[in-house]
**Student:** 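Here it is, the structure, as structure tokens.
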Amino acid sequence: MPCGLGYRRSTIDNGMKSTKGTWRAKLGTATVLPNPLREGMRIRRTPEPCAMVIFGASGDLTARMLMPALYHLARERMLPPGFSVLGCSRSKYTDEEFRGKVRAGLKEHAKISNQDSPVLDSFLSNLYYQQVESHGAQAYGELAARLSKLDRECGTAGNRVYYVATPPSSFPVIAQELGKAGLARPENAEQKWARIVIEKPFGHDLPSARELNRVVTGVFGEQNVYRIDHYLGKETVQNLLVFRFANGIFEPIWNRRYIDHVQITVAEDLGVEGRASYFEEAGLLRDMIQSHVLQVLSLVTMEAPARFDARALRDEKTKVMRCFRPITADQAEHYTVRGQYIAGFVGGQRVEAYRSEPGVNPASVTETYAALKIYVDNWRWADVPFYIRSGKRLAKKTTEISIQFRRVPHLLFGQQGTDHIEPDLLSVQIQPDEGISLRFCAKYPGTIMQIRPVKMQFQYGESFGAEPPSAYETLLLDCMLGDNSLFTRNDSVELSWEFVDPILAHWKDAARKGLAFYEAGTWGPAEADALIERDGRRWHRL
Ligand code: NDP
């Protein structure tokens, strides 16, 4: 079977090349979308031909996230006509064996119906496999030869995305070997671009992140380095920018005059799920806060960028991150809480304590929960606390940003039942059920004045009648298009390590002493409640 996605719909016209060199596709008139809110949204972007090399192709991330995302992109006809995937890892597979493995993985993790067979077969026919150890000149010489062959046979035009989904210790080695083999920077007219996607964790602390930045950008150049944080690919996270900067009514009140405080909750009901060895080393602060949560916080607090492009957007994010007030070792006690779950019940099922999970040290002091109070020292946010909490084995899986506005300055309605009214609350639900809701006060129907909180709600699924693409779909497509707006820049990664390193240092010194325990299936330790209640506030019920 010839390479390329032969099932591409003929209604797509691939004729427009933008000034940035990315291809845009136009949907023709044959597609009629039923939802009027989607009218006028027919411009699609399609990348230039390219080969995607996945290091770590036999691993969990590839099976659960990358292949389903690529398959869904193929099904949506978003991949270029000249496209192939070359899977690489140390295990030995033939192309056919690899396709069989991916097929089995897609059946488990992707949405496939019986009618999808032609798409699936076509997608699988574009997958290839090459055995590669992370180091060794010979392996990379063979890789170069294989890629040239794919260019000839599949029309991938010498463009490359290298997706590094191996254990972190291999990240720098793979980048260096690609450089040595001449695969990192296009050297001839035939080869156009080469980009590298680096999975998290990007470093273990500030010095290791700096060193990884030095190595990877030294080989590829910062412009071609895509540090992936899948949270930034989520639809609602992107919608935060639209919400803030495409609406006139919210931005004027998005500041210390009107906002009392902000809460960000990233809760998981799962435990470490077979990733104990990684998690024991990393802990919750590194795994969730250093990466996802600080990025989300920067989107909530940043100023409006001058333009909607990667540079302007990332400049603003970095600028506000420089304003995150450092939590020094002597303040850590007051501004942070770390916890670890003990046995409990999640979703009606009894679950073991973290220390009893397979692969976890029975005396482990690794945190599975963290709560922080952060200040952003600038004119917009001075004195507004940002309460952050994230943990494993909590009551339910949810990610939410809650913006609580100040109380009214004077309460007019003094009768019984109206002397304590809830302040307005804007909630941005990132997962699940992506949407935004605004809680405000209304009069309860009746002859007496009673005030109750009510909600106005927007939900993605209901309003647009379409499921948003997965974060990995968005990010893989962006990378192929050369748009790194939603990827983390080197300075931003280093700033987030600068922020968390002193906390980690304090926690390490305090060792066992500061660890608070919480029952699995609850909302975290009592100490986290105390952190916010000291300020006369409380965590929102989610
Ligand atoms: P796995 O252990 O499941 O897979 C690791 C992959 O890397 C395997 O394909 C393995 O194959 C390959 N590999 C290991 N060592 C080498 C080596 N020296 N040279 C070449 N290939 C090697 O890990 P995951 O898929 O879970 O994670 C991969 C990366 O993605 C990690 O950095 C992780 O932190 C990150 N990540 C994973 C997430 C997930 O949900 N799984 C979520 C977020 C990030 P073989 O043994 O055949 O070489």
Side-chain angles (χ1 to χ4, degrees), residues 52-70 85-94 97-98 101-102 104-105 108-110 127-140 142-143 146 162-178 181 183 196-204 208-209 212 216 225-234 266 268 270-284 286-293 295 358-359 390 392 397 399 431 470-473 475-476 479 487-488 493:
M52 182 172 290
V53 182
I54 300 181
F55 292 94
S58 60
D60 175 73
L61 186 78
T62 304
R64 279 194 313 111
M65 299 294 178
L66 304 186
M67 286 300 172
L70 288 171
V85 175
L86 181 59
C88 299
S89 51
R90 294 167 306 180
S91 307
K92 205 169 173 191
Y93 298 107
T94 62
E97 284 167 346
F98 182 58
K101 179 177 163 60
V102 173
E108 197 177 338
H109 303 296
L127 306 187
Y128 302 87
Y129 186 80
Q130 176 100 8
Q131 191 183 14
V132 177
E133 170 67 57
S134 57
H135 59 277
Q138 195 189 336
Y140 284 79
E142 288 165 10
L143 179 64
R146 187 82 193 268
Y162 301 106
Y163 197 116
V164 187
T166 59
S169 55
S170 298
F171 295 170
V173 187
I174 289 171
Q176 277 166 327
E177 292 286 359
L178 287 169
L183 287 166
I196 187 164
V197 184
I198 304 276
E199 256 303 335
K200 71 164 222 186
F202 198 91
H204 190 73
S208 59
L212 186 55
V216 181
V225 180
Y226 290 68
R227 299 169 192 81
I228 198 161
D229 178 344
H230 73 275
Y231 256 68
L232 297 186
K234 287 183 188 289
V266 182
E268 290 185 15
L270 297 176
V272 284
E273 307 303 305
R275 300 185 75 212
S277 60
Y278 158 74
F279 197 83
E280 270 285 89
E281 282 290 304
L284 198 284
R286 286 189 178 93
D287 190 47
M288 297 302 288
I289 310 258
Q290 177 275 329
S291 48
H292 314 314
V293 182
Q295 288 296 319
S390 178
K392 294 199 174 287
K397 178 181 172 72
T399 299
Q431 67 180 8
S470 76
Y472 277 95
E473 282 167 58
L475 295 171
L476 285 170
C479 177
F487 294 81
T488 317
V493 168

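Throughout, numbering of the chain's residues begins at 1 and tracks the sequence. When a ligand or atom number is given, it counts from 1 through the structure's own listing order. All values derive from a computational prediction rather than experimental measurement. Heavy atoms only: backbone and side chains are in, while hydrogens, waters and symmetry mates are out.
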**Student:** At what distance is the nearest protein heavy atom to atom 29 (C) of ligand 1, and which residue and atom is it?
**Tutor:** Thr166 O, 3.4 Å
**Student:** Indicate yes or no: does an N/O atom of Ser91 lie under 3.5 Å from an N/O atom of ligand 1?
**Tutor:** yes
**Student:** Is Arg64 reaching over with its side chain to a backbone N or O of His109, donor-acceptor style, under 3.5 angstrom?
**Tutor:** no
**Student:** At less than 4.0 angstrom from any non-hydrogen atom of Glu133, what atoms of ligand 1 do you find?
**Tutor:** 17 (C), 18 (N), 19 (N)
**Student:** Going by the order shown, which atoms of ligand 1 are within less than 4.0 Å of some heavy atom of Pro201?
**Tutor:** 34 (O)
**Student:** With heavy atoms of Ala57 as the reference, note each atom of ligand 1 found under 4.0 Å away.
**Tutor:** 9 (O)
**Student:** Under 3.5 Å, side chain of Tyr140 to main-chain N/O of Ser134, donor-acceptor pair present?
**Tutor:** yes
**Student:** Which residue supplies the protein heavy atom nearest to atom 37 (C) of ligand 1, what is that atom called, and how far is it?
**Tutor:** Arg275 NH2, 3.5 Å
**Student:** Has Glu273 got a side-chain atom pairing as donor or acceptor with Gly271's backbone, closer than 3.5 angstrom?
**Tutor:** yes
**Student:** For the residue pair Phe279 and Lys392, establish whether any side-chain heavy-atom pair is separated by less than 4.5 Å.
**Tutor:** yes
**Student:** I need the nearest protein heavy-atom contact for atom 23 (O) of ligand 1: residue, atom name and distance, please.
**Tutor:** Asp60 N, 4.5 Å
**Student:** If the cut-off is 4.0 Å to any non-hydrogen atom of Ser170, which atoms of ligand 1 fall inside it?
**Tutor:** 17 (C), 18 (N)
**Student:** Could you tell me whether atom 7 (O) of ligand 1 has a protein heavy atom closer than 4.0 Å?
**Tutor:** yes
**Student:** List the closest protein heavy-atom neighbour of atom 14 (C) of ligand 1: residue, atom name, distance to the nearest 0.1 Å.
**Tutor:** Pro167 CD, 3.3 Å
**Student:** Hey, looking at atom 15 (N) of ligand 1, which of Arg90, His135, Met65 has the closest heavy atom?
**Tutor:** Arg90
**Student:** Is Lys234 positioned over the aromatic face of Tyr231, cation under 6.0 angstrom from the ring centre and no more than 45 degrees off axis?
**Tutor:** yes
**Student:** Where is the nearest protein heavy atom to atom 40 (O) of ligand 1: which residue, which atom, and how far?
**Tutor:** Arg64 NH2, 2.6 Å
**Student:** What are the two closest heavy atoms between Asp229 and Gln295, and how far apart are they?
**Tutor:** OD2-CG, 3.6 Å
**Student:** Look only at the side chain of Glu268 and the backbone of Lys397, and say whether a donor-acceptor pair between them is shorter than 3.5 Å.
**Tutor:** no
**Student:** Please work out, at 4.0 Å between heavy atoms, whether the side chain, the backbone, both, or neither of Phe171 comes within that distance of ligand 1.
**Tutor:** side chain
**Student:** Among all protein heavy atoms, pick out the one at the shortest distance from atom 34 (O) of ligand 1; state its residue, atom name and that distance to 0.1 Å.
**Tutor:** Lys200 O, 2.9 Å
**Student:** Among all protein heavy atoms in this structure, tell me which lies nearest to atom 30 (O) of ligand 1, with the distance rounded to 0.1 Å.
**Tutor:** Glu199 CG, 3.6 Å
**Student:** Return the residue, atom name and 0.1 Å-rounded distance of the protein heavy atom closest to atom 24 (P) of ligand 1.
**Tutor:** Leu61 N, 3.9 Å
**Student:** Considering only heavy atoms of Ser58, which atoms of ligand 1 have at least one such atom less than 4.0 Å away?
**Tutor:** 8 (C), 9 (O), 10 (C), 11 (O), 45 (P), 47 (O)
**Student:** Within the distance-only criterion (no hydrogens, no angle test), does the side chain of Thr62 pair as donor or acceptor with the backbone N or O of Ser58 below 3.5 angstrom?
**Tutor:** no
**Student:** Using a strict cut-off of 4.0 Å, indicate which atoms of ligand 1 neighbour a heavy atom of Val132.
**Tutor:** 20 (C)
**Student:** Just by modelled atom types, is the Leu66 backbone N or O under 3.5 Å from a matching donor or acceptor in the Tyr163 side chain?
**Tutor:** no
**Student:** Step by step, would you call His230 with Lys200 a side-chain contact (heavy atoms from CB on, under 4.5 Å)?
**Tutor:** CA-CA 9 Å; His230 73 275; Lys200 71 164 222 186; 5.6 Å; no
**Student:** Are the side chain of Arg146 and the backbone N or O of Tyr129 linked by a donor-acceptor pair below 3.5 Å?
**Tutor:** yes
